[in-house]
Amino acid sequence: MTTTDSSPSRDFIRNIIAKDLKANKNECRVVTRFPPEPNGYLHIGHAKSICLNFDIAAEFGGVCNLRFDDTNPSKEEVEYVESIKSDVRWLGFDWYNMLFYASDYFDQMCRYAVQLIKDGKAYVCSLNTEEIREYRGTLTKPGKDSPYRKRSVEENLDLFERMRAGEFEDGSHVLRAKIDMASPNMNMRDPTIYRIRRVAHHRTGNKWCIYPMYDFAHCLSDSIEGITHSICTLEFEDNRPLYDWFLDRLNVLHPQQIEFARLNLSYTVLSKRKLVQLVEQGHVTGWDDPRMPTVSGLRRRGYTPESIRDFCERIGVAKRDSMVDIALLEHCIREDLNEKSPRVMGVLRPLRVVIDNYPEDQVEELEGPYHPEDQGMGSRKLPFSRELYIERDDFREDPPKKYFRLAPGREVRLRYAYYIRCEEVVKDEQTGEVVELHCTYDPKTRGGWSSDGRKVKGTLHWVSAPHALKAEVRLYDRLFEKANPGDQKDVPDFTACLNPRSLEALTSCRVEPSLAGAAPGSRCQFERLGYFCVDSVDSYPEALVFNRTVTLRDSWAKIEKKAKK
RNA sequence: UGGGGUGUCGUCAAGUGGUAAGACACAGGAUUUUGGUUCCUGCAUUCGGAGGUUCGAAUCCUCCCACCCCAGCCA
């Protein structure tokens with residue numbers, strides 16, 4: 001499907017591509033690529049780039065390659081390539097058979113390097129790291145030529161061949177592009193294009209001891225694959241002249257590099273360095289900790305791929321540095337889960353309720369639909385008995401204004417069950433803590449309806465005490481207390497901004513019996529509480545563990561908060 | 001202080017000389033057996049600032065200001 005003139009403009013990148021297509025550029029092909037380095041796990045910032053590249057390809061009838069930018073063996077591992085592949089797939093994208101590795105092109109790149117040498121456009125430099133830095137100059141002072149810059153083509157060819165053959169120590173020589181040591185763009189001051197690195201590569205093993213640098217490898221990989229639009233983030237803007245330089249000198253297919261602003265999300269961090277620190281210092285349990293902004297963390301938290309894709313679409317694509325409010329991500333998951341999740345009841349902090357006028361050995365099966373707006377989801381049976389649990393938050397001895405829930409003498413509805421009235425409060429003699437409520441029910445309100453027109457303001461969720469399943473529920477909250485933990489002036493280390501209450505594990509929760517054996521990864525809404533999923537690591541059919549994905553919007557909490565001020 | 005970028009509502013973001021879309025957030029209200037959902041309503045006389053061009057400027061010109069990126073043999 002090709003976009004037509006009538007299609008509305010979505011963002012500046014799609015506008016560029018639409019214009020290119022109209023001008024018959026690239027024989028009207030569109031080929032993009034997602035090019036991660038396999039040195040870590042994917043996070044939601046990568047998801048933005050994945051959605052951009054794969055969606056653009058699909059919209060313009062093109063393809064998007066998955067290419068691993070594996071030019072630095074000392075940082076890369078197969079474990080990462082596997083996790084990246086599975087994350088991209090989980091997000092719902094398909095690269096078909098277009099799976100590549102920059103390392104696939106090492107031979108070809110070497111030939112290109114030789115060509116540059118022959119053309120007098122590259123030379124072997126034998127300065128060490130510090131010397132190269134000194135010769136490079138500074139932002140305001142031009143650099144000066146390396147003493148090795150004038151080596152003959154023959155000498156350079158010989159030296160480079162011997163670098164490749166493994167005759168030299170790591171760091172003793174590099175191959176450099178011969179450009180301009182006085183360029184105002186630091187990237188053009190004779191950048192290194194090959195370095196000696198005796199490290200086993202996760203794919204090529206010990207075949208190579210020299211590896212190309214990003215600037216050389218990336219543009220050539222794009223060119224070899226026939227990429228038309230090479231989309232990357234803003235910090236590569238200064239690298240674009242170099243990207244163009246190599247392709248022009250080598251006179252090969254010349255993709256267009258386009259830069260966009262990377263994602264920043266409030267109340268979290270997205271830099272690899274910081275995410276590594278969170279894992280290594282044990283602030284989280286791992287890369288897939290449900291509080292992590294990684295794809296695997298979001299997945300375990302209960303986020304759906306659809307919600308993440310929707311989010312990436314809504315945030316847009318532009319060039320300005322921005323900080324997206326995490327409330328938008330939360331909105332996206334709520335919207336998706338509202339439609340998809342079966343409603344069930346679970347009590348997080350149980351308070352025992354005895355219905356004094358309910359027959360002791362009686363058990364009724366009440367009917368509860370799984371979804372208020374979707375009859376197609378069916379319903380389940382809810383056992384009701386004399387002893388129940390309700391949420392502690394749903395009872396107040398001294399109810400504040402506008403509190404609709406249970407209090408001494410008050411009547412509320414138990415969802416899909418009966419109206420009950422609180423008759424007596426039992427407290428622990430020592431602590432004064434409320435330990436049990438005695439209530440009476442109105443048998444004429446079965447199902448939660450009253451025929452006499454009597455209205456009740458509150459509806460509570462509940463479970464039958466003898467029938468409920470014990471479960472652990474993990475309540476997750478924002479990882480950081482500050483909107484921008486990475487940029488706090490008075491805080492030395494971003495970990496000082498961590499939210500100490502980002503995880504609260506409740507171990508004596510009770511959930512309705514229909515959840516018995518719930519499958520890991522399955523999702524539900526605990527009515528009035530939020531959306532939850534069965535943890536994919538720690539949950540077992542006989543010992544359920546739920547993760548709170550996100551709370552429901554809570555207007556009572558807002559009222560309460562306002563009243564306190 | 002050299003170079004490259006970017007400034008439009010609290011947060012994203014359209015807008016490309018014809019009189020400021022949309023989303024989230026927020027605030028009201030209606031409906032509701034989830035204080036959920038849904039539905040209404042409100043929310044930029046002004047586009048970083050100052051000048052200028054023009055009948056007309058967020059859009060063009062000039063100057064200024066702020067913020068981000070670059071001095072890896074990382075990507």
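Here is how names work: the chains are called A, B, and so on, in the same order as the sequence lines, proteins then strands, and each is numbered from 1. Since we're looking at a predicted model, the values are computed, not measured.
Counting non-hydrogen atoms under 4.0 angstrom, A/Leu460 reaches nothing in the nucleic acid. At a threshold of 4.0 angstrom between heavy atoms, the contacts of A/Tyr403 include nucleobase atoms, whether or not backbone atoms are also involved. Using a 4.0 Å heavy-atom criterion, one finds that A/Val317 contacts the sugar-phosphate atoms exclusively. Among the protein residues, A/Gln525 comes within range of the nucleic acid bases, having at least one heavy atom under 4.0 Å from a base atom. Within the nucleic acid shown, A/Pro372 comes within 4.0 Å of at least one base atom, counting heavy atoms only. At a threshold of 4.0 angstrom between heavy atoms, the contacts of A/Tyr416 include nucleobase atoms, whether or not backbone atoms are also involved. Backbone-only engagement by A/Ile315 is indicated by non-hydrogen atom pairs under 4.0 Å involving sugar-phosphate atoms exclusively.
With B/rC26, B/rA25, B/rU34 as the choices, the nucleotide that has an atom nearest any side-chain atom of A/Lys558 turns out to be B/rC26. For A/Asn15, the listed nucleotide lying nearest its side chain is B/rG15; candidates were B/rG35, B/rC24, B/rG15. The A/Arg528 side chain lies nearest to B/rG35 when the options are B/rC24, B/rG35, B/rG4.
For B/rG28, the base adopts the anti conformation, since its glycosidic angle falls more than 90 degrees from zero.
For the 3.5 Å distance criterion, the side chains of A/Gln525 and A/Glu527 fail to qualify, holding no donor opposite an acceptor. A/Asp215 and A/Asn239 form a side-chain donor-acceptor contact under 3.5 Å, judged by distance and modelled atom types alone. With no hydrogens or angles considered, a side-chain donor-acceptor pair links A/Arg33 and A/His218 at under 3.5 Å. Defined by atom type and a distance below 3.5 Å, a donor-acceptor pair is missing between the side-chain atoms of A/Thr304 and A/Arg523. In the model, A/Gln256 has no side-chain atom that pairs as donor or acceptor with a side-chain atom of A/Tyr243 under 3.5 Å.
Residues A/Glu373 and A/Leu328 each lie close to RNA chain B; by heavy-atom proximity, the contact nearer the 5' end of the strand is made by A/Leu328.
Taking the P atoms as reference points, B/rC47 lies 34 Å from B/rC39, given to the whole Å. Going from the P atom of B/rU16 to that of B/rA58 covers 12 Å, rounded to whole Å. Using atom C1' as the reference point in both B/rU19 and B/rC24, the two lie 27 Å apart (nearest Å). A gap of 26 Å separates the P atoms of B/rU6 and B/rA75, to the nearest Å. The gap from the C1' atom of B/rG7 to that of B/rA14 amounts to 16 Å, rounded to the nearest Å. Nucleotides B/rC67 and B/rG35 are separated by 48 Å at their P atoms, to the nearest Å. Nucleotides B/rC68 and B/rU34 have their C1' atoms positioned 45 Å apart, rounded to a whole Å. A gap of 16 Å separates the C1' atoms of B/rA57 and B/rG49, to the nearest Å.
For a distance-only test at 3.5 Å, the side chain of A/Arg405 qualifies as a donor-acceptor partner of the base of B/rG35.
Using the Watson-Crick or G-U wobble rule with both distances under 3.5 Å, B/rU38 pairs with B/rA30. Here B/rA75 sits opposite no nucleotide as a Watson-Crick or G-U wobble pair (both hydrogen-bonding atom distances under 3.5 Å). As the counterpart of B/rA57, no nucleotide is assigned, since no Watson-Crick or G-U wobble pattern has both distances under 3.5 Å. Remark: B/rA66 base-pairs with B/rU6; criterion is Watson-Crick or G-U wobble with both hydrogen-bond distances under 3.5 Å.
For A/Arg197 and A/Tyr211, the positive end is not near the middle of the six-membered ring at less than 6.0 Å and at most 45° from its axis.
When the C1' atom of B/rG4 is taken as reference, atom CD of A/Glu259 falls 10 Å away, rounded to whole Å. The separation between A/Asp11 atom CG and B/rA23 atom P is 19 Å, rounded to whole Å.
Heavy-atom neighbours of A/Arg149 CZ from other residues, nucleotides or ligands within 6.0 Å: above the threshold of 12. Heavy atoms from other residues, nucleotides or ligands lying under 6.0 Å from CD of A/Glu367 number more than 12.
In this model, the phosphate group of B/rG28 is approached by a side-chain N or O of A/Lys562 to a distance below 4.0 Å at OP1 or OP2. For the pair A/Arg10 and B/rA13, the criterion of a side-chain N or O lying under 4.0 Å from OP1 or OP2 is not met. Proximity of A/Lys319 to the phosphate of B/rG7: no side-chain N or O atom is located under 4.0 Å from OP1 or OP2. Close to B/rG7, at under 4.0 Å from its OP1 or OP2, lies a side-chain N or O of A/Arg320. For the OP1/OP2 pair of B/rC12 and a distance below 4.0 Å, the side-chain nitrogens and oxygens of A/Arg314 include no atom meeting the criterion.
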**OP:** Let me see the working for A/Asp55 and A/Arg14 under side-chain contact (heavy atoms from CB on, under 4.5 Å), right down to the final yes or no.
**Re:** CA-CA 10 Å; A/Asp55 283 343; A/Arg14 278 175 247 247; 4.1 Å; yes
- Could you go step by step and tell me if A/Phe384 and A/Trp462 meet the ring-ring contact (aromatic ring centres under 6.0 Å, His included) rule? CA-CA 9 Å; A/Phe384 185 87; A/Trp462 56 276; 5.3 Å; yes
Run the side-chain contact (heavy atoms from CB on, under 4.5 Å) check on A/Phe216 and A/Leu175 step by step: do they pass?
CA-CA 11 Å; A/Phe216 188 65; A/Leu175 184 69; over 6 Å; no
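Within residues 329-339 of chain A, the residues having any heavy atom under 4.0 Å from RNA chain B are, by residue number, A/His331, A/Asn338.
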Given protein heavy atoms under 4.0 Å, the one-letter contact record of nucleotides 69-75 of chain B, with B base, S sugar-phosphate only and - none, is simply BBBSBBB
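Evaluated for a side chain to side chain donor-acceptor pair (under 3.5 Å) with A/Arg528, the options A/Asp394, A/Thr459, A/Thr551 yield exactly one hit, A/Asp394.
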